Amino acid sequence: QLRLCHDLCVRPQTSDYTMYPFSTQNGKDFQNLLSVYLDAAFFPCLREQDFWLENENPTDPNSPWSLKEWYHTYSVVSGGEPLAIPDLTWEQLKQFHATHYHPSNARFFTYGDLPLEQHLKQIEEEALSKFERINPNTEVPPSHTGREDHVTCSPDALAPDPARQNTLCVSYLLGDITDTFEGFTLSLLSSLMISGPNSPFYKALIEPNIGTDFSSVVGTKEASFSIGLQGMAEEDTERVKQIISQTINDIIESGFEEERIDALLHKIEIQMKHQSTNFGLSLASYIASSWNHDGDPVELLQINDSVAKFKQTLKENPRFLQDKVKHYFKENTHRLTLSMSPDEVYLEKQAKAEEEKLQKKIHALSDSDKKDIYEKGLELLAAQSKTQDASCLPALKVSDIEPTIPVTPVQISTAVGVPVQYCEQPTNGLVYFRAMCSLNTLPEDLRLYVPLFCSVVTKMGCGGLDYRQQSQQMELRTGGMSVSTQVVPDSTQLDMYEQGVLLSSSCLERNLPHMFHLWSDIFNNPHFDEVERLRVLVMMSAQELANGISYSGHMYAMTRAGRHLTPAGDLNETLGGMEQVKFMKRVAELSDLSQVIRTLVRIKKHLLNPDNMRCAINTTPQKMSDTAAQLESFMKDVADNRKERKPVRSNIIEVNYQQTNQNMKEQNFQPCQMKTFFQLPFPVHFISESIRTVPFSHHDYASLCILARMMTAKFLHGEIREKGGAYGCVVDFVFLSRTSLRDPNSVQTLSAFRRGVDWAKSGQFTQQDIDEAKLSVFSAVDSPVAPADKGMGRFLSGVTDEMKQNHRERLFAVTHQSLVEVAERYLGVGQRTCGVAILGPENEAIKKDPSWIVK
C-alpha cells in the first residue's frame, strides 16, 4: 500500500534500535509516506488475534497446533531466541511498544531538497502533538564482562571442508560510541588490523590456511572489535587464540606502515566524493547508533574535521595507534571468547525442544481454552481472507507520474578500434571506467571457472607487483577494481543474450594514469602462479558462497527455476547458481590446484582481449578529453593481446547488435519443464516457480510487469506470508518468477502460486488494484540513477532511452482486459513452460514423486 516508494522497509537491527527508512523523488509521495510511517511507528494495530496460537489447519479442530508465523519465521532470522519467543505475551508487546516506540525515544532524520519546515509541521501534527513527554528509561548501562562461551550449530553440507566447520570469535569491548573522534579512530584501527592482504590479522589467520574466512559480529551502545575465524578445525581453537594474542603484541611493537594509513584516508576521500542514489539513507544509518545513545549527529557528519584531527594527533604522537591497541586489546579484560562447533543432531534437538515447549503450553489448556483457540483461529483466518480497505491510506494517482523520461546523452566513439561510450556527468572529481569483455570465444569446458577467474584476477598480483603490493596500489590510487560475470538477455528475443565479464573501477581525477596502468598490468601480466595465494582465495570464495545460501536462498531457487527456460537462464545457473556453489566446493577440496591455474591462464587469453571489448567512461565534461587520451594509451598498451578468436561451439550464431553488443543465439536450445529439490539442513524452504514469457520489447511485457506486482500484493502476500507464515514472497517479471523465502511450507506454497494464476485469469481485481501495481512498477522504473551509472543501461543491455520510453507508454496503457489476456496466454497450464526449484529440509512427499529431481 506504500505507493511509489523507492526504498522502504522497517529495519529491525541486530544492534539495539529499529529504523524506519523510506525515500522517494516525488514531493507528494514523500508526504504520503511520512504519514503512513508515522502511523505505523507510533499507532500500529498490534491486534491480539495476530498473536494467537493456531492449528496447522485452522478449519480442523483436531489438526496439530502451531505457532506458525512467529515460530517458523522469526526463529530462524533475527527475532530472538526461538524457545523464548512463545513466552512473549500480547500485553508485554504492547507495553514494550508504548515505552520504546514513543516520540520521547525517537529520532527523526530527513535528507533532500524539500523544505524542512513542512516535515517538522507534519511530524508535529500527526505524531508528536498526540503524546506527552515521558522518560522511557531506555538508557543502556555500561557492559563489564569477560568470559568464554560455547554454542553449537547445524553442520553445513556445502562447507568447503566438512572436517573444518568450527568458528571462534574474540570480541573486545571498546569505548562509548558517542565519543565521535574515538569512534572514528577505532574504525580506522579496525580496518588497519583486518582489511585486505596487508593487514596483520589477514596475514596471521587467513594466509596460514587455519580457517577459511574471518567470522563477524555487530556491536551496540559500546563499540566492539571482533576478530575470529570460521572454517577451522576444533583442535586449532587454542592455537587461534594464541595467534590473536601474539598478533596484538606484534602490532604494539611494530605499528602500521605509513602507506597503509594513507591508503585508508584515500578511501575515505573517495567515499566522500562518490555520489550514490541512497546517500541520504546511508547518512541516516551512519549516525543512527551513536545518535540513538545521545551522541552528537552533527559532529559525526563532520568527517573532514575528524580526518584533520587524526592526522595532527598522529603527527604529534607517532605511536598513537599502537597506544590505542595496547589500551583496548592488550590491557582490556572486557572480552568475550565465543566458539561454535557443528552438532549432527542440532536440528533434531532444536525441534524436540520446540515441540516440548509447545506441548507444555497445550497441556496447560483446558477444553474450553482449546475451543476458544479454535474459534479464534477461524476468526483469524476470516480476517486474513478479508480484503482490506486501503481507501484510508494516502495515495498518488497514476496521473501524478511523469509521462516521459529524461534523456541521457552519450557519445559513441572508438579507442584503437575498441567501441567506447562517453557520458558526461557531474561526478564530483571522480572518473568511472567499465569494460565489457565477451565470453563468446570461450570453450564451454572453461565456463564454470569464469566466476573464480573474476574473483582472483585483481587479487593475485600483476606486472612487477606481488599481490600485497597490488592491493596497496589499488587502495592508494583507486576506489576499487573489480571483475564480475554478466549475462544480459536480449531485449527482442528470449533465446538471444550477451555473455561477458564486466571490468569496473573508479578513481580521483589525479589518479587516472595510475588506474589505467594497473589495468594494463592485469591485462598484460596477471600472476596466477602463486599456489598458496590462490588456495586462500578459493577457500574464501567457497566459504562465502556456502554462507550466502541461507541469506539468499530465494535467489538461488529463482536462478535454478529459470535454468531450462532460456539459454541466458542456463548460463546464469552455471555462473551464479547452486551449480556454481557445488563446483567451488569441489575446487576447494582439491589438493593440487595446478590444473586450476592452467585453466585461469587459458581464460585470460580469451577474456582480456581488446578484440572482444567495449568500454564506457563517466566523468565531468572538463575531464573527458584527458580521460579519452588516457583510455587510448591504455588500449595501445594491451593491443599486444590481440589474437582473433572465433566462437568454438558450432551451434552459436553471433549477432552484432547496436554496433557494440556481441549478442549470441543458441540454435539447439529447447526450453523444457524441470522440477528440482535441493535437500539442505534448513528449518525452512526457499521456493521458486518460473514461467517462460516474453522479452523486454514485446508488447505484452508491460502487462506482465503489472500483473507480477499485483499478484504479489493482492493475492500471494496474503496466502503465503500472512496465512502460510513465510518471511516474504515476490513475483518477478524476468521470467515471471514466483518466489517465497524462509517458508515453513513447500508444496502448499506451489499450490498457492497456482491459485494465484487462477485469481489473475478470473479478473477478480479492481482498477484501484491495477493503479497501485502501476505505481509500484513505476517506482522501480523511475528509481534514481547516480551520475556514475548514467547511460549504463544502454551500455550493458543495449536498451536505449527511446526503448525505455516505449515501455513506459505501454505501462500507462495496461488495462484490466490486457491483464486477464496475458494471464490466460502465458500462465495457463497448457500454455506455459515452467521450472520449479525448492531449497529446504528433507521432504518425503517430494522424494516419492518421480517428477522431481532431488539433489
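Quick caveat, the model's predicted, so the values are computed rather than measured.
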Colleague: Under the ring pair (Phe, Tyr, Trp, His ring centres under 6.0 Å) rule, collect the residues that match up with Phe677, sequence neighbours excluded.
Modeller: none
Colleague: Excluding sequence neighbours, so at least two apart, what forms side chain to side chain donor-acceptor pair (under 3.5 Å) with Thr152?
Modeller: none
Colleague: Is there any ring pair (Phe, Tyr, Trp, His ring centres under 6.0 Å) pair reaching into residues 436-464, and which pairs are they, with sequence neighbours excluded?
Modeller: Tyr449-Phe583, Phe453-Phe528
Colleague: Test of understanding: with side chain to side chain donor-acceptor pair (under 3.5 Å), list the residues that count as partners of Ser199, not counting sequence neighbours.
Modeller: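 With neighbours one apart ignored, the set is empty.
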Colleague: Applying ring pair (Phe, Tyr, Trp, His ring centres under 6.0 Å), name anything that partners His517, two or more places apart in sequence or on another chain.
Modeller: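 For His517 there are no ring pair (Phe, Tyr, Trp, His ring centres under 6.0 Å) partners, ignoring immediate neighbours.
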Colleague: Who are the side chain to side chain donor-acceptor pair (under 3.5 Å) partners of Ser187, not counting sequence neighbours?
Modeller: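 Residues passing side chain to side chain donor-acceptor pair (under 3.5 Å) with Ser187: none at all.
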Colleague: Establish, from distance only, whether the side-chain atoms of Gln230 and Asn547 form a donor-acceptor pair under 3.5 Å.
Modeller: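 Yes, a side-chain donor-acceptor pair sits under 3.5 Å.
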Colleague: Quick one: which residue pairs count as a ring pair (Phe, Tyr, Trp, His ring centres under 6.0 Å) with a foot in residues 235-274, not counting sequence neighbours?
Modeller: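 Non-adjacent pairs meeting ring pair (Phe, Tyr, Trp, His ring centres under 6.0 Å): His274-Tyr432.
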Colleague: Taking distance alone, no hydrogens or angles, what donor-acceptor pairs closer than 3.5 Å link side-chain atoms of residues 477-485 to residues at least two apart or in another chain?
Modeller:
from   : atom 1 : to     : atom 2 : distance (Å)
Thr478 : OG1    : Met474 : O      : 2.7
Thr478 : OG1    : Gly480 : N      : 3.0

Colleague: Scan the side chains in residues 501-508 for donor-acceptor partners under 3.5 Å anywhere in the protein, sequence neighbours excluded, and list what turns up.
Modeller:
from   : atom 1 : to     : atom 2 : distance (Å)
Ser505 : OG     : Trp519 : NE1    : 2.9

Colleague: Excluding sequence neighbours, so at least two apart, what forms side chain to side chain contact (heavy atoms under 4.5 Å, CB included) with Pro841?
Modeller: His685
Colleague: Which of parallel (below 30°), tilted (30 to 60°) and perpendicular (above 60°) describes Phe225 and Tyr172?
Modeller: tilted
Colleague: With sequence neighbours excluded, tell me which residues meet side chain to side chain donor-acceptor pair (under 3.5 Å) with Glu532.
Modeller: none
Colleague: Tabulate below the donor-acceptor pairs under 3.5 Å that side-chain atoms of residues 200-209 make, not counting sequence neighbours, or state none.
Modeller:
from   : atom 1 : to     : atom 2 : distance (Å)
Tyr202 : OH     : Arg533 : NH1    : 2.7
Glu207 : OE1    : Arg468 : NH2    : 2.8
Glu207 : OE2    : Tyr467 : OH     : 2.7
Glu207 : OE2    : Arg468 : NH1    : 3.3

